[in-house]
Amino acid sequence: MEPVPAPILRIQAADFDVAAEIDRLSQARADVGAIVTFTGICRAEEGRLAALELEHYPGMAEAEIGRIAGEAVRRWELSGLTVIHRIGLVKPGQNIVLVAAGSVHRQAAFEAASFVMDFLKSRAPFWKREHLNDGTTGDWVEARDADEDRIRGWAVTKD
Amino acid sequence: MEPVPAPILRIQAADFDVAAEIDRLSQARADVGAIVTFTGICRAEEGRLAALELEHYPGMAEAEIGRIAGEAVRRWELSGLTVIHRIGLVKPGQNIVLVAAGSVHRQAAFEAASFVMDFLKSRAPFWKREHLNDGTTGDWVEARDADEDRIRGWAVTKD
Amino acid sequence: MASDVKLVYFAWVRERIGKAEEDIDLPAEVSTVAQLLVFLRERGEEYRNALARPEVIRVAIDHEHVDHGHSIAGAREIALFPPMTGG
Amino acid sequence: MASDVKLVYFAWVRERIGKAEEDIDLPAEVSTVAQLLVFLRERGEEYRNALARPEVIRVAIDHEHVDHGHSIAGAREIALFPPMTGG
């Protein structure tokens with residue numbers, strides 16, 4: 001295998017370009033056979049929602065995403081890994097997060113992207129608050145138990 | 001849930017535009033929260049390869065992809081599903097196949113995309129032959145036992 | 001009672017047999033996929049060469065996968081091909 | 001021996017306490033995360049309100065997740081926040 005390029009990890013207010021990120025991964029090495037992307041999108045929540053506000057813990061968010069990406073690169077043979085998480089206000093239909101994993105074989109790309117998303121959800125210090133269409137600020141989004149359960153699933157696989 | 005749009009299934013010689021296919025899925029419904037894409041890319045095979053030639057069984061290829069997509073839509077709550085498989089000559093670095101699955105939640109999108117890829121690999125009637133850089137026509141690509149094993153994995157889950 | 005069926009071949013099965021398709025009259029005693037493969041191997045060296053290892057030959061009847069024990073009764077189109085390598 | 005540490009708060013923990021961060025002198029007997037949460041709840045109603053259910057409060061020391069039994073010795077920055085909802 002050719003050397004693994006360092007993961008690309010970004011936290012930014014601006015939107016991202018999925019096609020450009022896929023191109024970057026596919027051009028990075030000549031042996032990339034599979035690229036899996038996960039794009040997380042702000043849902044309209046039946047028309048209630050004006051926007052999601054994404055708060056993060058500066059410094060720790062970067063460190064934690066780095067740890068998650070590092071673990072993924074150790075576990076799977078990846079040709080590249082990109083993680084982009086937006087902060088600030090995101091409107092329904094707009095992108096929130098991108099995980100893109102490239103590999104020689106498809107299974108590594110699928111598993112690594114799924115792993116990174118599971119840990120981003122439950123370990124990376126980001127919080128979502130709803131801004132409603134009636135002009136009020138709504139509730140903080142509640143964490144789902146199912147997300148925490150998925151983290152435990154990966155830990156078991158690891159042992 | 002809003003109604004599920006019919007899967008988009010295409011077999012074509014032309015390349016596809018991943019970003020356009022993601023946009024189509026994300027715009028199809030207001031409750032799409034997750035889109036997973038798999039892009040299969042022609043590998044350079046250490047510089048030996050000039051192109052892959054993709055042969056298919058017209059009629060059955062469409063029917064089989066339709067059956068696979070139909071099974072995915074029955075198993076998971078998807079907001080949309082797109083499968084595009086290229087035929088003819090594909091050069092190293094170029095796209096071969098795209099599977100894109102949209103859903104309210106990420107796990108359904110990941111699992112459906114992985115399921116469709118596994119069945120495309122082992123059940124859809126396509127065959128790859130190598131064209132080499134020295135101008136000769138190389139071997140037909142051999143099927144991997146690991147691919148057949150993955151099909152059985154899904155069948156067990158189903159029962 | 002003989003039956004007329006269209007056979008189609010793909011990838012290296014097609015190359016070794018030397019044709020992409022043919023119409024063939026099958027004798028009545030050829031009633032399963034496995035029996036069809038035996039019958040075809042008796043048609044000549046190119047068939048023996050293509051179908052030497054019947055266990056690797058995949059078969060579809062009228063665009064649906066079938067196993068080698070499957071009946072071919074009523075088939076209009078029977079396809080023979082190697083394991084698929086798409087995706 | 002009292003120690004000086006920076007506390008940072010996020011999301012509804014920040015809102016309920018009414019500030020994003022503060023420097024605080026911790027008495028020597030406050031040596032674990034759990035003890036820190038008890039200590040903070042005694043500082044006033046806004047803290048009691050924010051930390052009423054300590055089991056849902058997540059804690060990081062110097063940018064790394066820790067559980068409630070973890071020592072806070074040597075910590076420079078301790079963060080308190082609700083379960084994360086990114087991604």
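Proteins come first, then strands; the chains are lettered A, B, ... in the order of their sequence lines, and each starts at number 1. All figures in this text were calculated on a predicted structure; none of them were measured in a lab.
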Legend entry - Pick from A:Glu62, A:Arg86, A:Arg67 with the largest number of heavy-atom pairs that fall under 4.5 Å of chain D: A:Arg67
Legend entry - Crowding at CG, D:Asp23 (>12 non-hydrogen neighbours, <6.0 Å): yes
Inset, instruction - Sort by residue number and list every member of residues 78-87 of chain D having a non-hydrogen atom under 4.5 Å from chain A. - result: D:Ala79, D:Phe81, D:Pro82, D:Pro83, D:Met84, D:Thr85, D:Gly86, D:Gly87
Inset, instruction - Check whether more than 12 heavy atoms from other residues, nucleotides or ligands sit under 6.0 Å from atom CG of D:Asp67, and answer yes or no. - result: yes
Inset, instruction - Determine which pairs satisfy ring-ring contact (aromatic ring centres under 6.0 Å, His included) with at least one residue from residues 11-38 of chain A, sequence neighbours left out, and list them in order. - result: A:Phe38-B:Phe110
Legend entry - Proximity breakdown for D:Val8 and chain A, heavy-atom pairs closer than 4.5 Å: side chain
Legend entry - Residues D:Glu64, A:Arg123; criterion salt bridge (charged side-chain N to carboxylate O under 4.0 Å, His left out); working and verdict: CA-CA 10 Å; D:Glu64 293 204 45; A:Arg123 290 291 179 270; over 6 Å; no
Legend entry - Part of residues 12-20 of chain D lying next to chain A, heavy-atom separation under 4.5 Å: D:Trp12, D:Arg14, D:Glu15
Legend entry - Residue A:Glu46 excluded, over 12 heavy atoms near CD under 6.0 Å: no
Legend entry - Enclosure of A:Arg144 CZ (heavy-atom neighbours >12, cutoff 6.0 Å): yes
Inset, instruction - Enumerate the residue pairs fulfilling ring-ring contact (aromatic ring centres under 6.0 Å, His included) with a member in residues 40-79 of chain D, sequence neighbours excluded, ordered by first and then second residue. - result: A:Tyr57-D:His63
